[in-house]
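Read through the structure below, which is laid out as structure tokens, and then see the notes.
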2 protein chains.
Amino acid sequence: MRSYDQYCGLARSLEVVGDRWNLLIVRELLISPARYRDLQTGLPGIATNLLADRLRHLEATGVVERRLAGESNAVEYALTAWGAELRTPIEGLLRWSLPLMVSGPKDSDTFRPTWLALAIPALLDSRATARPATAIGLDVGGELLQLSATESGFEVDPHDGRPLEATVRADPAGLLGLAAGALDVDTAQALGLVDIDGDDAIVRAAFAC
Amino acid sequence: MRSYDQYCGLARSLEVVGDRWNLLIVRELLISPARYRDLQTGLPGIATNLLADRLRHLEATGVVERRLAGESNAVEYALTAWGAELRTPIEGLLRWSLPLMVSGPKDSDTFRPTWLALAIPALLDSRATARPATAIGLDVGGELLQLSATESGFEVDPHDGRPLEATVRADPAGLLGLAAGALDVDTAQALGLVDIDGDDAIVRAAFAC
DNA sequence: CCGCATCCTCATGGATACTG
DNA sequence: CAGTATCCATGAGGATGCGG
């Protein structure tokens, strides 16, 4: 990134994360630390030279940490504490993007259920008042995720095998609509966007907050 | 901007505002609607073909509105309601950028006092508890701005001529440090970063919230 | 003047192949 | 697996032109 040469926080932020792919790499690492190969598959379409380039830049600027993890001293990338603070502006953009998402995926779009691990909490937290202590399974695209309420907000993680109070088989766009409050459970069911297994009062409570 | 082809709100946001200069154009328009020429001077370094290109794109995507204003039917650009909602993620990036700003401006950096109209409220509001009803003058780079507390948060605008309770002549980096709480008034004065004219208790109260 | 459009050059991005 | 190297396509930057 060529410098903007402006003494402005936004310009300086963009010199660090404004280049193409940078924020999407941060997105992947906010979901979880990852290997080089994981990043390639989580970022369909990125050229390998660009990924290497961006990772070097993000490491040099203090956003990303490169470390050797595990038995085999495998290369692993993770966010630094400062890099993880990008969660807030990214959640802001996720909320802002809602009008762009309601139309659903294009045919050419790839979709990874793990991306919901950022979007659902961002949408729910922005309107949360009561927080039921709930663990709900989200079966989206065949992958089972787990929505749970914590003290600090909502979390979506890979299902860890613990018993779930209900399971929602859902279409990605429908799930976002529910999380944003743009859609209620009855309508979503009527439209065939979600299919609830178990007590749907639990699901209603979680998405009605 | 070439599409990322991902059904992810962040990716779709970036397809709208992720290209170089886009968010800086939004910054200028968050400060105030502007003419083409105003944007050129507020965005030093932008090529005129790029500015025209970006404005077309932002208009086509519904972020910016182009309208004819004033006597002479002069072309004016302003944010749409949706575009103005970018204030939240931009404020997030402004807060995130603080570690990049404490070192002060480079020699090659340009600086425009109006940029503080976004940064100061973003930094103050993130830690605001009590809000004194204060109108403080900010004399930075020779331009007089006015910091005032409203119900919804802090505002920085061009000085409108009304009486000020105090005036702070300040260095940009010092002012950001004060707003972020990284610097207190005594230290800033001792370092010669700020020079207070009038009752400095007012200034202390405003920046200590 | 203002609000762009055109032209040209050079830096960056993208796709693919290849390597320690 | 974790990247480099290479080559081509695209986009950025700067200068200039031009109608209103």
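Lettering follows sequence order; numbering is per chain, from 1.
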Side-chain N,O (B:R56) to OP1/OP2 (C:dA5) below 4.0 Å:
yes
Which residues share a salt bridge (Lys or Arg N to Asp or Glu O under 4.0 Å) with B:D19, sequence neighbours left out
none
In this structure, how many angstroms lie between the P atom of C:dG3 and the CD atom of B:E59, rounded?
14 Å
Side chain A:Y36, main chain A:Y77, donor-acceptor under 3.5 Å
no
To the nearest angstrom, the CG-C1' distance between B:L55 and C:dA5 comes to 14 Å
Rounded off to whole Å, could you give me the CG-to-P distance for the B:L51 and C:dA5 pair?
11 Å
Does a nitrogen or oxygen in the side chain of B:Y77 sit under 4.0 Å from OP1 or OP2 of C:dC4?
yes
Tell me every residue that passes salt bridge (Lys or Arg N to Asp or Glu O under 4.0 Å) with A:E76, counting only those two or more places apart in sequence or in another chain.
A:R67
B:Y4 six-ring centre to A:R20 NZ/CZ under 6.0 Å and within 45° of normal
yes
Closest approach to the side chain of A:V75, judged atom by atom: which nucleotide of D:dG13, C:dA5, D:dG3 is it?
D:dG3
What are the two closest heavy atoms between B:H57 and B:V16, and how far apart are they?
CE1-O, 3.0 Å
Which residues in residues 29-39 of chain B have a heavy atom closer than 4.0 Å to any atom of DNA chain D?
none
Atom-pair distance (NE2 on B:H57; C1' on D:dG11), nearest Å
14 Å
Taking atom P of D:dA12 as reference, at what distance in whole Å does atom CG of A:D5 sit?
18 Å
B:R56: partners by salt bridge (Lys or Arg N to Asp or Glu O under 4.0 Å), with sequence neighbours left out
B:D53
Does any N or O in the side chain of B:D125 come within less than 3.5 Å of the main-chain N or O of B:F154, such that one atom is a donor and the other an acceptor?
yes
What does nucleotides 7-13 of chain C look like as a protein-contact string, B for base, S for sugar-phosphate only, - for none, at under 4.0 angstrom between heavy atoms?
B-----S
Starting at atom CD of B:E15, determine the distance to atom C1' of D:dG11, rounded to an integer number of angstrom.
17 Å
Could you list the residues that satisfy salt bridge (Lys or Arg N to Asp or Glu O under 4.0 Å) with A:D139, not counting sequence neighbours?
A:R169
In this structure, how many angstroms lie between the C1' atom of C:dT16 and the CD1 atom of A:I46, rounded?
15 Å
Distance check needed: D:dG13 C1' versus B:L24 CG, whole Å only.
16 Å
B:D109 and A:R12 ion-paired at < 4.0 Å
yes
